[in-house]
J.: 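Got a structure here, written out as structure tokens. Questions coming.
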Amino acid sequence: MSTPRWTAADLPSQDGRIFVITGANSGIGLPTTRALAEAGAHVVLAVRDVGRGEAAARSISGDCEVRRLDLADLASIHAFADSWLSEVDVLINNAGVMRTPERRTADRFELQIGTNHLGHFALTNLLLPRVTDRVVTVASGAHRGGSISLDDLNWQRRSYQRWAAYQQSKLANLLFTLELQRRLTAAGSPIRALAAHPGYAATNLQFRSERGLEDRVMAIANRLFAQTDEAGARPTLFAASQDLPGASYVGPDGLGEHRGYPTLVGRTAAASDVEMAKRLWILSEELTGVEFPLASAQSA
């Protein structure tokens with residue numbers, strides 16, 4: 001499927017629809033939020049820093065609100081989900097961290113797998129009974145170099161490698177989407193699970209290494225090679241608004257999927273491994289204590 005030169009200007013009206021977007025105050029999350037609000041949606045900025053979220057909300061022309069959510073803290077995720085009393089049309093799992101030094105979440109998960117995968121895993125399952133349309137999870141082309149270590153998902157025995165940890169978390173995003181769609185289908189649910197990646201977009205995500213030289217090199221590369229954050233948001237917006245099959249993966253149509261306009265893209269064999277997706281799901285339930293809420297699919 002290809003839709004040449006699709007942009008946020010091609011978004012259909014989102015009047016009356018509710019979107020929850022994690023990490024909505026920066027990176028590709030902000031232009032995603034802005035485009036949806038301008039199209040008529042009510043957008044909830046689910047952010048760790050409420051002050052920064054409110055500053056972002058003031059820059060948006062449209063209907064939005066800010067709620068606190070720290071994906072690196074299961075207690076915060078439960079509090080967010082418990083406070084949500086209405087339906088939500090679309091959940092966009094956008095927030096993420098990249099190439100961070102070795103750190104732990106409040107629940108002692110490695111920070112990148114904990115934030116990028118386990119936090120969104122818990123949030124999605126807790127909100128799923130209220131979702132009416134779809135869940136879109138932002139992955140990355142970095143999944144292509146990733147592998148899942150089920151016996152050491154949180155880097156407790158291996159020597160920590162920040163890039164490999166990021167790649168693992170992005171592969172986990174795609175496996176999560178695959179298994180979520182399988183379970184939804186087995187439960188007879190009309191909800192769709194989709195994934196998207198922004199290509200190489202210039203955002204603040206690239207500057208979390210806490211290595212001065214490395215971050216300066218990334219800043220130069222961003223100026224020379226990256227597309228804008230608005231362009232990077234297009235695949236997410238496409239996945240969130242177009243009539244696509246469940247488990248679809250959307251990315252840029254340019255060379256190497258680094259930049260361009262949204263289209264359906266491929267994934268590695270590892271990201272299509274149904275058995276690994278099931279095993280990662282089971283482990284994620286054990287680690288987070290959060291289970292798939294549609295009981296009819298439990299035995300599927």
Side-chain angles (χ1 to χ4, degrees), residues 5-71 76-77 79-81 83-98 115-116 119-120 123-124 127 130-138 194 196-199 201-208 222 226-242 250 252 259 261-262:
R5 306 188 71 82
W6 191 96
T7 71
D10 298 303
L11 267 174
S13 172
Q14 301 298 311
D15 285 352
R17 285 166 64 79
I18 299 174
F19 289 73
V20 171
I21 307 180
T22 66
N25 62 290
S26 64
I28 65 169
L30 182 54
T32 299
T33 300
R34 183 174 290 119
L36 289 168
E38 290 176 353
H42 175 75
V43 187
V44 177
L45 292 79
V47 299
R48 182 176 57 84
D49 188 324
V50 172
R52 291 180 61 195
E54 290 174 343
R58 288 192 292 271
S59 74
I60 295 169
S61 176
D63 183 15
C64 61
E65 66 173 293
V66 179
R67 295 198 187 193
R68 187 178 186 278
L69 171 67
D70 184 352
L71 288 162
S76 176
I77 295 168
F80 181 94
S83 71
W84 192 269
L85 303 178
S86 62
E87 291 184 340
V88 54
D89 293 283
V90 181
L91 169 63
I92 300 180
N93 292 323
N94 165 80
V97 292
M98 176 180 174
T115 302
N116 299 351
H120 281 128
L123 176 68
T124 299
L127 286 184
R130 299 191 180 279
V131 175
T132 63
D133 183 8
R134 68 188 74 187
V135 176
V136 177
T137 299
V138 177
L194 304 100
H197 81 85
T203 71
N204 59 349
L205 188 66
Q206 288 98 356
F207 307 112
R208 303 290 178 82
N222 275 8
Q227 60 183 353
T228 65
D229 54 358
E230 288 85 359
R234 291 172 189 157
T236 302
L237 291 167
F238 193 83
S241 66
Q242 302 302 294
V250 181
R259 57 195 304 142
Y261 297 88

J.: Please identify each residue that fulfils side chain to side chain contact (heavy atoms under 4.5 Å, CB included) with Thr132, with sequence neighbours left out.
T.: Glu87, Asp89
J.: Between Asn94 and Thr32, do the side chains contain a donor N or O and an acceptor N or O under 3.5 Å apart?
T.: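 Note: Thr32 and Asn94 side chains miss the donor-acceptor criterion.
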J.: From Thr33 OG1 over to Leu30 CG, what is the distance, rounded to the nearest 0.5 angstrom?
T.: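 It is 6.5 Å, given to the nearest 0.5 Å.
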J.: More than 12 non-hydrogen atoms from neighbouring residues, nucleotides or ligands closer than 6.0 Å to CZ on Arg68, yes or no?
T.: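 Enclosed.
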J.: Just grab all the salt bridge (charged side-chain N to carboxylate O under 4.0 Å, His left out) pairs involving residues 57-66, residues at least two apart or on different chains.
T.: Glu65-Arg67
J.: Whether the Thr22 and His120 side chains hold a donor-acceptor pair (N or O, under 3.5 Å, no angle test) is what I'd like checked.
T.: yes
J.: Apply side chain to side chain contact (heavy atoms under 4.5 Å, CB included) to Ser13 and list each qualifying residue two or more places apart in sequence or on a separate chain.
T.: Asp15
J.: How many angstroms lie between atom CD1 of Ile21 and atom SG of Cys64, to the nearest 0.5 angstrom?
T.: 10.0 Å
J.: Test your reading of the model: is there a side-chain donor-acceptor pair from Arg130 to the backbone of Trp84, 3.5 Å cut-off?
T.: yes
J.: Identify the heavy atoms of Pro235 and Ala231 that sit nearest to each other, and give their distance.
T.: CD-O, 3.7 Å
J.: With Asn93 as reference, evaluate Thr236, Thr124, Asn116 under the side-chain contact (heavy atoms from CB on, under 4.5 Å) test and give the passing residue.
T.: Thr124
J.: Go through the side-chain N and O atoms of Arg34 and Ser59 and say whether any donor and acceptor fall under 3.5 Å apart.
T.: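 Note: Arg34 and Ser59 side chains meet the donor-acceptor criterion.
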J.: Measure the shortest side-chain to side-chain distance between Gln227 and Pro252 over non-hydrogen atoms and say whether it is less than 4.5 angstrom.
T.: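 Yes, at least one pair of side-chain atoms sits under 4.5 Å.
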